[in-house]
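Taking it in order: structure first as structure tokens, then the write-up.
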Amino acid sequence: MTYVVTENCIRCKYTDCVEVCPVPDTFREGPNFLVIDPKLCIDCGLCEPECPAEAIFAEDSLPEGQEEFLALNEELAKDWPPINQVKDPLPEADVWVEQEDKRQYLAR
């Protein structure tokens with residue numbers, strides 16, 4: 001099993017989750033979204049409570065309508081570079097974290 005970054009991370013990109021991950025290179029960074037490489041995730045669950053956007057879920061606990069993010073995390077993890085340190089969130093993250101229906105804003 002793996003943990004999955006879901007829609008609420010889009011246009012926020014808080015990186016608190018990266019800091020607690022015990023496996024280097026598990027988190028991958030895109031322009032406005034993070035993903036978890038399911039091949040590296042050890043299912044420890046440390047990242048889930050650290051996410052200010054509440055965007056991380058266990059694979060078997062994905063909210064309804066977020067199931068596609070499992071495949072999306074796997075796909076994007078192949079191309080995006082690893083992130084292993086905390087960075088500032090995107091400039092308007094605190095505004096975007098409250099928004100819904102953000103899939104169309106996902107930058108690849």
Side-chain angles (χ1 to χ4, degrees):
M1 190 168 72
T2 185
Y3 277 76
V4 180
V5 181
T6 60
E7 181 175 22
N8 213 35
C9 181
I10 297 171
R11 284 202 160 176
C12 293
K13 205 166 83 168
Y14 295 103
T15 58
D16 306 59
C17 52
V18 172
E19 185 173 42
V20 298
C21 183
V23 182
D25 301 344
T26 298
F27 278 88
R28 304 301 175 103
E29 180 182 22
N32 68 353
F33 186 60
L34 298 176
V35 297
I36 294 173
D37 186 335
K39 293 180 179 164
L40 297 177
C41 180
I42 60 169
D43 192 30
C44 68
L46 294 173
C47 58
E48 184 179 19
E50 296 301 317
C51 179
E54 298 179 357
I56 301 175
F57 297 88
E59 170 183 4
D60 61 357
S61 298
L62 284 167
E64 186 175 326
Q66 300 292 302
E67 299 87 359
E68 72 183 81
F69 281 89
L70 176 60
L72 188 63
N73 274 237
E74 184 173 10
E75 173 193 335
L76 297 175
K78 293 175 187 175
D79 297 325
W80 286 356
I83 177 172
N84 292 303
Q85 61 185 354
V86 173
K87 294 182 179 180
D88 289 336
L90 294 176
E92 295 186 8
D94 292 339
V95 173
W96 280 99
V97 74
E98 300 298 328
Q99 303 297 315
E100 295 181 10
D101 301 319
K102 300 190 288 185
R103 287 183 183 114
Q104 69 269 20
Y105 301 113
L106 176 62
R108 294 177 178 245

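Index from 1, following the sequence.
For the atom pair C9 SG and W96 CH2, the distance stands at 13.5 Å (nearest 0.5 Å). Distance check, rounded to the nearest 0.5 Å: CZ of F27 to CD1 of I36 gives 4.0 Å. Between atom OH of residue Y3 and atom OG of residue S61 there is a gap of 7.0 Å, rounded to the nearest 0.5 Å. To the nearest 0.5 Å, atoms OG1 (T26) and CG (N84) are separated by 8.0 Å.
The closest side-chain heavy-atom distance from T2 to V4 is below 4.5 Å. Here the side chains of T15 and I83 are in contact, with some heavy-atom distance below 4.5 Å. For the pair F69 and E7, the minimum side-chain heavy-atom distance is below 4.5 Å. Considering only heavy atoms from C-beta on, E59 stays 4.5 Å or farther from C41 through its side chain. In this structure the side chain of R103 reaches within 4.5 angstrom of the side chain of Q66, judged on heavy atoms. In this structure, I10 and N32 have side chains that are in contact, with non-hydrogen atoms separated by less than 4.5 Å. Proximity of P24 to P82: side-chain heavy atoms (C-beta onward) are nowhere separated by under 4.5 Å.
Under a hydrophobic clustering in which Ile, Leu, Val, Met, Phe, Trp and Tyr are joined whenever their side-chain heavy atoms come within less than 4.5 Å, directly or via other members, V97 and V18 fall into different clusters. Residue Y105 is grouped with residue F33 when hydrophobic side chains (ILVMFWY) are merged at heavy-atom distances under 4.5 angstrom, including chains of intermediate members.
No more than 12 heavy atoms of other residues, nucleotides or ligands lie within 6.0 Å of CD in E54, so this atom counts as exposed by the packing criterion. The environment of CD in E75 is crowded: more than 12 heavy-atom neighbours from other residues, nucleotides or ligands sit within 6.0 Å. Environment of CD in Q104: crowded, with over 12 heavy atoms of neighbouring residues, nucleotides or ligands closer than 6.0 Å.
The shortest non-hydrogen separation linking C17 to C47 is CB-CB, 3.9 Å. Contact between D37 and K39 at its shortest, heavy atoms only, is OD1-N, 2.9 Å. Counting all heavy atoms, side chain and backbone alike, E50 lies closest to D16 at O-CB, 3.3 Å. What you find for K13 and G30 is that their closest heavy atoms are NZ-O, 2.9 Å.
Of the candidates L62, N73, L72, L62 is the only one forming a side-chain contact (heavy atoms from CB on, under 4.5 Å) with T6. Partner of L76 under the side-chain contact (heavy atoms from CB on, under 4.5 Å) criterion, out of V5, V35, L34: V35 alone.
With W80 as the aromatic partner, R28 does not meet the cation-pi criteria of under 6.0 angstrom to the ring centre and within 45 degrees of the ring axis.
No side-chain N or O of Q85 forms a donor-acceptor pair with one of E19 less than 3.5 Å apart. Inspection of the D94 and Y14 side chains reveals an N or O donor paired with an N or O acceptor under 3.5 Å.
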